[in-house]
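First the proteins, then the strands, lettered A, B, ... as listed; each starts at 1.
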Protein chains: 2
Amino acid sequence: MSDNNISIDSVIENLISIHPLLTKSFSKSIRSKTNLNPGSLYVLGVLSVYDMLSMSEIGCKLSMPKPHVTSLIDKLIMEKMVERLFDPKDRRIINVRITNKGKDDFNTIKLEISQEIRQKLEKLDADKIELLSISSQHVKEILMEISIENKTDSSYCKIK
Amino acid sequence: MSDNNISIDSVIENLISIHPLLTKSFSKSIRSKTNLNPGSLYVLGVLSVYDMLSMSEIGCKLSMPKPHVTSLIDKLIMEKMVERLFDPKDRRIINVRITNKGKDDFNTIKLEISQEIRQKLEKLDADKIELLSISSQHVKEILMEISIENKTDSSYCKIK
DNA sequence: ATAAATAGTTATACTTTTGTAACCGTTTTA
DNA sequence: TAAAACGGTTACAAAAGTATAACTATTTAT
């Protein structure tokens, strides 16, 4: 139990350190190498995972206020990267689905914004890269798990 | 070699997924639970690691334009979390050092902004927490390693 | 059938971050 | 010693993100 808490403390220490490092690696090249703002790219990212989500679900997954989601989706639609679909079951709901162009563009963008970090990774030892690959996979999976679980993100998500 | 590239691809995939999840977890509670903006907190964070840095080094480590660093440091000085020190060797340089109050405040803030994620972590199995602890440690260390290495961050850092 | 709740948009104001350019004082270099 | 480079600040403009309230259309609940 006490052991658990020590581990949790170290997890949080680590995540708080990792966050600005990733921001540094990605945010700048999103701006300089794409015509999307970071927010639109995050939306495209979740849609590349879930394929289709409603406006509310997007805001929930990314903790964005609904009006912001609207404006980001507008941009992605202008770029034909996503499309709006009306839900026949409940006509209030607007589902957003990533298009094939959106998927292709997202892959291209991922390559472009990761060029710098890729060059640095290439200089590391093979076993260190392998360790980072496995470790980042675990971090990603567990974070996604506890993120999905979170239906009660007070301000943006309603309890289902 | 080809093996390496596959691993690098997966690292990048994972990091691109992790970034918005961390943003979601931290950015909102930084705003709601502290009187600092995210930028000031990142500056405080690097200073809690390196203890003392020049203005340029801060901008370099966080990829921030120098004028932005100036305004963030002004805020932290008003809060007495950091102090300016003139460098006797080179009077152009202004070093910024975290104060004891700054260290204490940073620890408090870390506790506050991690409350939500802590609650979710507590629901996980002990072995999963342990795995996340070790994995996030590796990710942090390797990212810090390749981040420090980077003296040539084009727009904000000059080659030393 | 009416009232309340929900999903999404519009409008607006504000904070934070980014990006320049001009400037001052100091140090380096030629 | 004059010119160039450097570290930092000031001033300003623009982009991006946050936060609310008011509104429409639709669905649910009483």
Side-chain angles (χ1 to χ4, degrees), chain A residues 20 23-24 26-43 52-77 82 84-96 151 153-160, chain B residues 20 23-24 26-43 52-77 82 84-96 151 153-160:
Chain A
T23 300
K24 173 183 177 178
F26 294 125
S27 297
K28 258 199 60 198
S29 45
I30 291 173
R31 274 171 227 279
S32 59
K33 297 187 179 172
T34 79
N35 52 342
L36 292 178
N37 45 25
S40 293
L41 192 62
Y42 298 159
V43 171
M52 191 168 87
L53 292 169
S54 72
M55 299 297 286
S56 296
E57 286 169 330
I58 293 168
C60 184
K61 291 217 179 293
L62 294 173
S63 284
M64 285 172 179
K66 289 198 296 180
H68 194 200
V69 177
T70 299
S71 77
L72 297 179
I73 291 294
D74 284 346
K75 270 174 210 150
L76 290 173
I77 285 176
V82 304
R84 271 186 235 261
L85 297 168
F86 297 90
D87 190 323
K89 302 256 182 187
D90 182 340
R91 283 159 45 193
R92 291 171 302 181
I93 295 173
I94 292 185
N95 290 305
V96 181
K151 304 255 186 228
D153 185 345
S154 47
S155 30
Y156 304 119
C157 299
K158 300 280 181 260
I159 310 145
K160 272 206 178 163
Chain B
T23 300
K24 174 183 176 178
F26 293 126
S27 298
K28 258 198 61 199
S29 46
I30 291 173
R31 274 170 228 281
S32 58
K33 297 186 180 173
T34 80
N35 52 344
L36 293 179
N37 44 26
S40 293
L41 192 62
Y42 297 161
V43 172
M52 190 169 88
L53 292 170
S54 72
M55 300 297 286
S56 296
E57 287 169 330
I58 293 169
C60 184
K61 291 218 180 294
L62 295 173
S63 283
M64 285 171 178
K66 289 198 297 180
H68 193 201
V69 176
T70 298
S71 77
L72 297 178
I73 290 293
D74 284 346
K75 269 177 211 149
L76 290 172
I77 284 176
V82 305
R84 270 186 237 261
L85 297 169
F86 297 91
D87 191 323
K89 303 255 183 190
D90 183 341
R91 283 159 45 191
R92 291 171 302 182
I93 296 174
I94 293 184
N95 290 304
V96 181
K151 303 256 185 226
D153 186 343
S154 47
S155 32
Y156 304 119
C157 298
K158 301 279 183 260
I159 310 145
K160 274 208 175 161

- line: Here the distance between atom C1' of C:dT18 and atom CG of B:L72, to the nearest Å, is 12 Å

task: Could you check how far CG of A:L36 sits from C1' of D:dG17, rounded to whole Å?
output: 16 Å

task: State which of D:dT26, D:dG8, D:dA5 makes the closest approach to the side chain of B:S54.
output: D:dG8

message: Does C:dC14 have its OP1 or OP2 closer than 4.0 Å to a side-chain nitrogen or oxygen of B:R31?
response: no

message: Expressed as a whole number of angstroms, how long is the span from B:L41:CG to C:dT15:P?
response: 19 Å

- prompt: Quick one: on DNA chain D, does A:Y42 or A:D87 contact a more 5' nucleotide (nearest heavy atom)?
  reply: A:Y42

message: On DNA chain C, compare the nucleotides closest to B:N35 and A:S32; which residue's is nearer the 5' end?
response: B:N35

message: Applying a 4.0 Å non-hydrogen cut-off, can you work out what A:P67 is touching in the nucleic acid: base, sugar-phosphate, or nothing?
response: base

- prompt: Using a cut-off of 4.0 Å on non-hydrogen atoms, how would the nucleic acid contact of B:S27 be classed: base, sugar-phosphate, or nothing?
  reply: nothing

A:R91 side chain near D:dT28 phosphate (N/O to OP1/OP2, under 4.0 Å): no

- request: Name all residues meeting the side-chain contact (heavy atoms from CB on, under 4.5 Å) criterion together with B:P65; count only those two or more places apart in sequence or in a different chain, and write none if there are none.
  value: B:P67, B:H68, B:Y156

query: Can you tell which of C:dG8, C:dT18, C:dT10 lies closest to the side chain of A:I93?
result: C:dG8

- request: Quickly work out the A:L62 CG to D:dA16 P distance and round it to whole Å.
  value: 17 Å

query: In this structure, which one of B:N37, B:L62, B:L72 forms a side chain to side chain contact (heavy atoms under 4.5 Å, CB included) with B:Y42?
result: B:L62

- request: To the nearest 0.5 Å, tell me how far A:I94 CD1 sits from A:I58 CD1.
  value: 10.5 Å

query: Which of the following nucleotides, C:dT18, D:dG7, C:dT6, is nearest to the side chain of A:R92?
result: C:dT6

statement: Per atom distances to the A:D90 side chain, the nearest of D:dG8, C:dT17, D:dT26 is D:dT26

- prompt: Does the A:S29 side chain pair with the main chain of A:F26, one donor and one acceptor, at a distance under 3.5 Å?
  reply: yes

message: On DNA chain D, compare the nucleotides closest to B:H68 and A:H68; which residue's is nearer the 5' end?
response: B:H68

- prompt: Can you check whether B:T70 has a side-chain N or O nearer than 4.0 Å to OP1 or OP2 of D:dT9?
  reply: yes

message: From CZ of B:F86 over to C1' of C:dG25, roughly how many Å is that when rounded to an integer?
response: 12 Å

- line: The side-chain contact (heavy atoms from CB on, under 4.5 Å) partners of A:N95 (sequence neighbours excluded) come to A:M52, A:S54, A:L85, A:D87, A:I93

task: Start with the C-alpha gap between B:L36 and B:K75, add the side-chain angles, then the distance that decides, and say whether side chain to side chain contact (heavy atoms under 4.5 Å, CB included) holds.
output: CA-CA 8 Å; B:L36 293 179; B:K75 269 177 211 149; 5.6 Å; no

message: Can you tell me which nucleotide in C:dT17, C:dG8, D:dG8 comes closest to the side chain of A:K66?
response: C:dG8

- prompt: Which of the following nucleotides, D:dT9, D:dG17, C:dA7, is nearest to the side chain of B:I94?
  reply: D:dT9

message: Expressed as a whole number of angstroms, how long is the span from A:I30:CD1 to D:dA15:P?
response: 18 Å

field: Nucleotide C:dT9, atom C1' - distance to CZ of A:R84 in whole Å
entry: 9 Å

message: Distance check needed: C:dT9 P versus A:I77 CD1, whole Å only.
response: 8 Å

query: Where the side chain of B:N37 is concerned, which of D:dT9, C:dT16, D:dG17 is the nearest nucleotide?
result: C:dT16

